J.: 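Please see the structure below; I have some questions.
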Amino acid sequence: MAASFRWILQLHKDVPKAARFYSEGLDFTINVCTLRWAELQAGPLKLALMHSSSDQVMQKGYSSLLSFTVTDINNTVTKLMALGAELDGPIKYEIHGKVAAIRCVDGHMLGLYEPA
């Protein structure tokens, strides 16, 4: 039997805050959330969040990039910014659709794509 994908793991200083960010900003369902661990789900994708107090793990570089297709990029960006995210450059209007890069909780990056 081949291996099956379980989840993507991100390290965060504040797991409940990060879980709220994904839940309210991108409509993830929170399956489990404690101070040290959370498991969120959007369709078949599972995102695990684990607590880390190490500042070396958290960096402002591009350590993690998750990309999401959204139906309304402007509304999504507004929701994420209200939750503490920052745009990493302007929303770009490409022939195939709109794209944006968002720096979110603990420096993780999100790519957003709205098809044309």
Side-chain angles (χ1 to χ4, degrees):
M1 180 171 120
S4 63
F5 183 77
R6 187 168 174 199
W7 35 248
I8 294 169
L9 175 71
Q10 282 188 332
L11 300 175
H12 288 274
K13 291 180 185 178
D14 186 335
V15 170
K17 181 179 177 181
R20 179 176 168 253
F21 181 86
Y22 285 104
S23 174
E24 293 181 15
L26 291 168
D27 298 324
F28 271 66
T29 300
I30 298 174
N31 295 336
V32 176
C33 185
T34 70
L35 293 176
R36 299 196 43 79
W37 176 263
E39 184 181 282
L40 295 85
Q41 190 161 357
L45 173 69
K46 285 190 179 179
L47 177 62
L49 310 175
M50 190 168 81
H51 177 261
S52 175
S53 58
S54 171
D55 287 334
Q56 293 176 344
V57 173
M58 310 308 160
Q59 55 180 305
K60 294 292 182 185
Y62 294 86
S63 62
S64 172
L65 174 62
L66 303 177
S67 181
F68 298 97
T69 300
V70 297
T71 55
D72 182 343
I73 203 165
N74 295 324
N75 184 45
T76 302
V77 166
T78 300
K79 285 195 309 185
L80 293 173
M81 289 179 73
L83 293 165
E86 298 175 8
L87 266 173
D88 192 40
I91 295 173
K92 295 184 179 173
Y93 298 85
E94 306 289 342
I95 188 110
H96 54 81
K98 300 175 191 173
V99 294
I102 297 280
R103 185 174 304 281
C104 61
V105 179
D106 292 327
H108 295 289
M109 294 298 295
L110 298 181
L112 301 178
Y113 171 65
E114 178 186 329

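Only this structure's heavy atoms are used, side chains among them; waters, hydrogens and symmetry mates stay out. Note that this is a predicted model, so its numbers are computed, not measured. Sequential numbering from 1 along the given sequence is applied to the chain's residues.
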J.: Show the numbers, then the answer: is there a side-chain contact (heavy atoms from CB on, under 4.5 Å) between H12 and K17?
T.: CA-CA 9 Å; H12 288 274; K17 181 179 177 181; over 6 Å; no
J.: Testing the basics here: between K13 and H51, what is the closest heavy-atom pair and its distance to 0.1 Å?
T.: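 It is O-CD2, 3.0 Å.
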J.: Roughly how far, to the nearest 0.5 Å, is the CG atom of D72 from the NZ atom of K79?
T.: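 Answer rounded to 0.5 Å: 9.0 Å.
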J.: Can you name the salt bridge (Lys or Arg N to Asp or Glu O under 4.0 Å) partners of D14, sequence neighbours left out?
T.: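 Once residues adjacent in sequence are excluded, D14 has no partner under the salt bridge (Lys or Arg N to Asp or Glu O under 4.0 Å) criterion.
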J.: Who passes ring pair (Phe, Tyr, Trp, His ring centres under 6.0 Å) against F28, sequence neighbours left out?
T.: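 Y22, F68.
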J.: Using side-chain contact (heavy atoms from CB on, under 4.5 Å) as the criterion, list what pairs up with A85, not counting sequence neighbours.
T.: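 Counting only residues at least two positions away or on another chain, A85 forms a side-chain contact (heavy atoms from CB on, under 4.5 Å) with F21, L80, I102, C104.
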J.: Closest approach of H108 and L11, non-hydrogen atoms and distance?
T.: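 Looking at all heavy atoms of both residues, the shortest contact is NE2-O, 2.9 Å.
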J.: Got a sec, which residues hit side-chain contact (heavy atoms from CB on, under 4.5 Å) with K98, two or more places apart in sequence or on another chain?
T.: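 side-chain contact (heavy atoms from CB on, under 4.5 Å) list for K98, sorted by chain: I73, N74, I91, Y93, E114.
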J.: Could you grab the distance from atom CD of E94 to atom NZ of K92, nearest 0.5 Å is fine?
T.: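 Reported value, rounded in 0.5 Å steps: 7.0 Å.
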J.: Can you give the donor-acceptor pairs under 3.5 Å from side chains of residues 37-50 to other protein atoms, not counting sequence neighbours?
T.:
| unit_1 | atom_1 | unit_2 | atom_2 | d |
| --- | --- | --- | --- | --- |
| E39 | OE2 | N31 | ND2 | 3.4 |
| Q41 | OE1 | N31 | ND2 | 3.1 |
| Q41 | NE2 | G43 | O | 2.9 |

J.: Could you give the distance from OG1 (T78) to CG (L83), rounded to the nearest 0.5 Å?
T.: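 It comes to 11.0 Å.
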J.: Does Y113 sit in a hydrophobic cluster with other residues, and if so which ones, taking ILVMFWY side chains as linked at heavy-atom separations under 4.5 Å, directly or through other members?
T.: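 Its cluster partners, ordered by chain and number, are V99.
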J.: Considering all heavy atoms of both residues, which atom of A100 and which atom of L87 are nearest to each other, and what is their separation?
T.: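 Of all heavy-atom pairs spanning A100 and L87, the closest is CB-CD2, 4.1 Å.
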